[in-house]
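Numbers restart at 1 for each chain; the letters A, B, ... are given by sequence-line order, proteins then strands. Keep in mind it's a predicted model, so treat the numbers as computed, not measured.
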There are 2 protein chains.
Amino acid sequence: MIKEEFKLDNQLCFRLYTASRLLTQAYHPLLSEYGLTYPQYLVLLVLWEKDAQPVNDIAKRLLLETNTVTPLLQRMEKEGILVRRKGEKDARQMIVSLTEKGWELQKKLADVPAIVGNSVLCDSVTPETAPELFRMLDGIIGKLSAPSTLS
Amino acid sequence: MIKEEFKLDNQLCFRLYTASRLLTQAYHPLLSEYGLTYPQYLVLLVLWEKDAQPVNDIAKRLLLETNTVTPLLQRMEKEGILVRRKGEKDARQMIVSLTEKGWELQKKLADVPAIVGNSVLCDSVTPETAPELFRMLDGIIGKLSAPSTLS
DNA sequence: TCTTTTTATATCGCAAACGATATATTGAAT
DNA sequence: ATTCAATATATCGTTTGCGATATAAAAAGA
């Protein structure tokens, strides 16, 4: 008999992995209409909150590495959604700013959060229980993103 | 002011996406020691539960498409972890079976579930609250993987 | 039987992720 | 001022994911 711990149905990570993929897929038809991918949408969320940020700040906000974010931003720049210009105070930085097209997407995507939000509602996930889910996911993220235990 | 719904901190998907990535990263040092990736580890979990399955069954169990699973299996076959042979009853199928090396990995990875499981424990995720988290994630997965509402 | 449709895999192309490494600029130390 | 270390991006290579499409075999229909 297989060890209980090895059963797929007892694995937290597989659930997170699957839920993440499926929810990203739920975004797909809504975003692809405007030529966007989900990670690109995340970049937009970050820049809509605060425009003109260096690559590093965007990467940190998304808990991604710059080697993931840089090519992503380059693709978005090619699409005319944003521009990257060298920092004035610090010439190492690339400051990323939205173009008019980037801001227009905010209006066009206005309904996306509500549509996707509704798509996950079910018996176990309701407006009442969602905060608890958020708390638990934040706990996991906080634990795993914490600088590994200093001795 | 930005719409409340557009704030990154109010997004379920971003949390799932991040938690999934970070937890997968937690597996990395444990798996790369044996040359495995996390999706490859998932395939092993499936085959340890039931050996000799067609590609399609493995894909369905992992809620992945065969165009993701096929190349993954080909790489694992090249590593000598499993073999793929044509089905006898149905010549379209490829039956995937573990090799001796594939079974040995089960012993070598025996501690992985416990190590990773411990790594996520925190104030909001405990052995007591974990079942509730599982229930909510299962709800989301069930809702999103359900064949879209038949009219 | 012969054609058509469905099913099971596989191939292709592109966009992430991410470890590893390279490059340039800044800041710190001597 | 010079050297050295830290910081900010960028590049490279590999593996996933996944939409789109191709191929082969089985199943269903005429």
Side-chain angles (χ1 to χ4, degrees), chain A residues 13-14 16-29 31-33 35-43 53-60 62-79 81 84-96 144-145, chain B residues 13-14 17-29 31-33 35-43 53-79 81 84-96 144-145:
Chain A
C13 189
F14 175 59
L16 289 172
Y17 163 81
T18 302
S20 170
R21 280 192 310 105
L22 293 178
L23 194 46
T24 298
Q25 285 174 29
Y27 277 94
H28 187 264
L31 298 179
S32 67
E33 185 174 352
L36 291 172
T37 64
Y38 180 69
Q40 291 174 6
Y41 172 70
L42 289 181
V43 168
Q53 296 192 53
V55 174
N56 217 2
D57 289 16
I58 298 173
K60 280 206 170 64
L62 298 177
L63 297 177
L64 288 168
E65 301 296 321
T66 62
N67 56 2
T68 296
V69 173
T70 291
L72 209 163
L73 293 173
Q74 289 171 338
R75 283 185 287 268
M76 293 177 80
E77 182 172 42
K78 198 151 61 183
E79 295 299 320
I81 297 168
R84 304 179 310 138
R85 62 170 198 282
K86 265 221 173 91
E88 296 172 1
K89 283 183 294 191
D90 189 334
R92 291 171 300 181
Q93 290 185 331
M94 284 295 267
I95 307 296
V96 181
L144 293 176
S145 65
Chain B
C13 190
F14 175 59
Y17 164 81
T18 303
S20 171
R21 280 192 311 103
L22 293 178
L23 195 45
T24 298
Q25 286 174 28
Y27 277 94
H28 188 264
L31 298 179
S32 67
E33 185 174 353
L36 291 172
T37 64
Y38 180 68
Q40 291 174 3
Y41 172 70
L42 289 181
V43 168
Q53 296 192 52
V55 173
N56 217 1
D57 288 16
I58 298 173
K60 281 207 171 63
R61 186 82 172 91
L62 298 177
L63 298 177
L64 289 167
E65 301 296 322
T66 61
N67 56 2
T68 296
V69 173
T70 291
L72 208 164
L73 294 172
Q74 289 171 338
R75 283 185 285 269
M76 293 177 79
E77 183 171 41
K78 198 152 59 182
E79 295 299 321
I81 297 167
R84 304 179 311 140
R85 62 169 198 284
K86 265 221 175 94
E88 296 173 1
K89 284 182 296 193
D90 188 334
R92 290 172 300 181
Q93 290 185 332
M94 284 294 267
I95 307 296
V96 181
L144 294 176
S145 65

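Spacing between atom CG of B/Leu31 and atom P of C/dC18 amounts to 14 Å, rounded to whole angstrom units. In this structure, A/Leu73 atom CG and C/dA17 atom C1' are separated by 14 Å, rounded to whole Å. Rounded to an integer number of Å, the gap from B/Phe14 CZ to C/dA17 P is 11 Å. In this entry the distance linking CG of B/Leu22 with C1' of C/dA17 reads 12 Å, nearest Å. In this structure, CD of B/Gln74 is placed 7 Å from C1' of C/dA10, rounded to the nearest angstrom. Spacing between atom NZ of B/Lys89 and atom C1' of D/dA27 amounts to 16 Å, rounded to whole angstrom units. The CD atom of A/Gln53 sits 15 Å away from the C1' atom of D/dA8 (whole-angstrom rounding). One atom, CG of B/Asn56, and another, C1' of C/dT7, lie 8 Å apart when rounded to the nearest Å.
In this structure, A/Gln40 reaches the C/dA16 phosphate: one of its side-chain N or O atoms is under 4.0 Å from OP1 or OP2. In terms of phosphate contacts, A/Arg84 brings a side-chain nitrogen or oxygen within less than 4.0 Å of OP1 or OP2 of D/dA10. Phosphate contact (OP1/OP2 of D/dG17, side-chain N/O of A/Tyr17, threshold under 4.0 Å): present. The phosphate of D/dT16 (OP1 or OP2) has a side-chain N or O of B/Thr37 nearer than 4.0 angstrom. Taking 4.0 angstrom as the limit, A/Gln25 places none of its side-chain polar atoms (N or O) nearer than this to OP1 or OP2 of D/dG17.
Looking at which nucleotide of DNA chain D each of A/Asp90 and A/Arg21 is closest to, the 5′-most match is held by A/Asp90. Place B/His28 and A/Met76 on DNA chain C by their nearest nucleotides, and A/Met76 ends up nearer the 5' end.
Among B/Ile81, B/Leu62, B/Val96, the one residue that satisfies the side chain to side chain contact (heavy atoms under 4.5 Å, CB included) test with B/Val43 is B/Leu62.
Atom CD of A/Glu65 has 12 or fewer neighbouring heavy atoms from other residues, nucleotides or ligands inside a 6.0 Å radius.
In this structure, of C/dA10, D/dG17, D/dT9, it is D/dT9 that holds the atom nearest to the side chain of A/Gln93.
A donor N or O paired with an acceptor N or O is found under 3.5 Å between the base of D/dT7 and the side-chain atoms of A/Arg92.
Contact check of residues 59-69 of chain B against DNA chain D (heavy atom, cut-off under 4.0 Å) returns B/Leu64, B/Asn67, B/Thr68.
Once rounded to the nearest 0.5 Å, the distance linking CZ of B/Arg84 with OG1 of B/Thr70 reads 7.0 Å. Atom CZ in B/Arg61 sits 8.5 Å away from atom CD in B/Gln53 (nearest 0.5 Å).
Using bins of under 30°, 30° to 60° and over 60° for the plane-to-plane angle, the ring pair A/Tyr17/B/Tyr38 lands in the perpendicular bin.
Remark: A/Phe14 pairs with no residue by the ring-ring contact (aromatic ring centres under 6.0 Å, His included) rule, at least two apart or across chains.
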